[in-house]
Amino acid sequence: MAPNPNPPQEFAALFAKIDELKPKFIERLQEAVAIPSVSGDESLRPEVVRTAHFLKEELEKLGAKDIELRELGTQPPPVANKDLQLPPIVLSRFGNDPNKKTVLVYGHYDVQPALKEDGWSTDPFTLTQVGDVLYGRGSSDDKGPVIGWLNAIQAHNELGLELPVNLVTCFEGMEESGSLGLDQLIAQEAQAYFKGVDAVTISDNYWLGTTKPVLTYGLRGVNYYEISVKGPAADLHSGLFGGIVAEPMTDLVKLLATLVETNGKINIKGIEEQIAPLTAAEDALYDDIEFDVEVLNQATGSQTALYKTKKEILQHRWRYPSLSVHGIEGAFYEAGAKTVIPAHVKGKFSIRTVPNISSEKLTLLVKQHIDSEFAKLGSPNTATVELIHDGDYWVSDPHNSQFTAASLATEAVWGIKPDLTREGGSIPITLTFEKELKTDVLLLPLGRGDDGAHSTNEKIDVSNYIEGVKTLSAYLHYYSKA
Ligand SMILES: C[C@H](N)C(=O)N[C@@H](Cc1c[nH]cn1)C(=O)O
Ligand SMILES: [Zn+2]
Ligand SMILES: [Zn+2]
């Protein structure tokens with residue numbers, strides 16, 4: 001999609017300044033991407049913390065006040081290093097004018113793991129421009145959008161243009177690992193640091209496809225589980241012990257295979273009954289959305305879609321649960337042919353939740369399922385299942401003043417009204433902001449549906465990044481007048 005060739009006159013200088021600053025904005029993202037802030041890898045925790053310091057320095061340069069790196073204590077189990085500190089929350093403030101509205105912007109500076117050997121064409125932690133595309137881990141999820149907010153502030157500063165709202169930043173470093181510790185901080189600061197916040201804006205998801213901007217009013221939740229199967233006291237030689245001991249891997253693979261069918265059907269009893277019925281009014285909402293199975297095939301680079309029609313695909317992404325098996329810890333996985341019997345293996349899977357699935361009830365059902373399936377195996381090993389983290393689903397009203405302002409901003413930048421979408425992914429903290437601050441939350445995505453978030457060759461198109469900075473800026477102006 002080409003940007004609007006005739007943006008409103010009121011934004012002419014601001015948009016021109018953003019275009020002029022493009023090289024600086026790309027350089028800032030390059031610096032952010034260069035820090036491998038993988039929250040799920042304990043050994044990289046210092047890098048996650050280094051990213052918080054990088055943001056603090058950038059915020060200082062931009063003139064933020066009350067900058068704080070708020071510590072959250074040690075990471076709760078399961079964790080190898082019991083003294084592992086959680087990464088800090090980066091709080092800061094631009095303006096404190098009682099006559100202006102206050103917008104809290106949330107984003108995360110941690111990323112998913114990435115290794116060149118996973119199949120990346122370029123080094124994942126070196127932002128690499130190929131044509132009009134910027135490749136690198138976090139470029140879209142979520143360093144690009146986080147840096148996008150800083151860029152919007154810089155453009156205002158360089159023009160000598162006051163921000164139209166007071167801005168509060170809340171950037172976290174554990175989103176990809178369950179947002180540990182942030183719920184408590186938000187509750188604690190609702191009437192302190194966050195007092196007076198009128199609106200929360202999150203830029204941490206994606207357009208549905210590659211051409212049309214969207215605003216998002218729903219998220220699925222996520223419950224992440226680990227099945228632990230223990231047997232022998234240590235790994236064993238399969239020639240000496242194969243056939244005469246019960247193998248944990250065999251049990252685990254059987255258990256994992258009971259969870260879900262190839263067609264996506266979840267086999268855990270009691271989940272389906274909790275799903276909110278589809279009303280005719282909700283069903284009709286899907287009619288006008290631009291999407292087809294080819295967009296899905298393009299995003300996955302395959303022909304592996306389970307559904308063919310737009311409605312089926314979108315409903316199964318947004319309003320039905322899914323169960324994904326992610327990996328096995330403790331198992332042999334490298335190249336070669338090691339003949340080991342692993343002694344202790346952990347299978348990881350998650351369930352995306354939707355209205356009205358309760359996290360507590362789901363965990364009970366998962367435990368019942370694993371216990372009953374394991375009993376059927378008659379194994380002398382032990383199997384336990386544990387909830388690692390959970391985050392609730394969220395559905396909001398897409399017609400409040402924030403959405404209206406964001407829709408106007410999108411039209412100003414892209415020359416088109418955005419589609420209103422829900423998201424299959426999860427941002428666990430969204431509901432907490434809504435509940436604790438008693439404000440509405442808007443999801444205003446910058447990246448495209450084919451950005452490859454969490455995947456190899458994650459990217460953000462230069463146009464999405466730069467026009468995104470314009471969209472964030474214009475949104476603040478429209479919202480200030482709403
Ligand atoms: C949508 C967002 N950018 C995202 O990727 N969220 C993660 C959150 C999460 C929860 N557990 C682990 N990661 C996601 O949806 O997977
Ligand atoms: Zn994200
Ligand atoms: Zn993510």
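Atoms within a ligand are numbered from 1 in the order they appear, just like the ligands themselves. Residue numbers run from 1 in the order of the sequence given.
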Under 6.0 Å from the ring centre and within 45 degrees of the ring axis: does the NZ or CZ of R317 meet both conditions for the six-membered ring of Y307? no
For the Zn ion (ligand 3), does an N/O/S atom of [X] lie at less than 2.8 Å?
X	answer
E176	yes
E175	no
H108	no

Identify whether the distance between the nearest side-chain nitrogen and carboxylate oxygen of [X] and [Y] falls below 4.0 Å.
X	Y	value
E60	K56	yes
E42	R45	no
E273	K361	no

Quick one: which ligand 1 atoms are inside 4.0 Å of a heavy atom on V222? 10 (C)
Considering heavy atoms of the protein only, find what lies nearest to atom 9 (C) of ligand 1 and give residue, atom and distance to 0.1 Å. E175 O, 3.8 Å
With atom 15 (O) of ligand 1 as the reference point, say which of H454, Q112, R352 has the nearest heavy atom. R352
Option whose closest heavy atom lies nearest to atom 1 (C) of ligand 1, chosen from N205, T216, D110, D204: D204
Does the plane of the ring in H316 sit parallel, tilted or perpendicular to the ring in Y320? Use 30° and 60° as the thresholds. tilted
Report, rounded to 10°, the angle at the Zn ion (ligand 3) between the two atoms OD2 (D141) and NE2 (H454). 100°
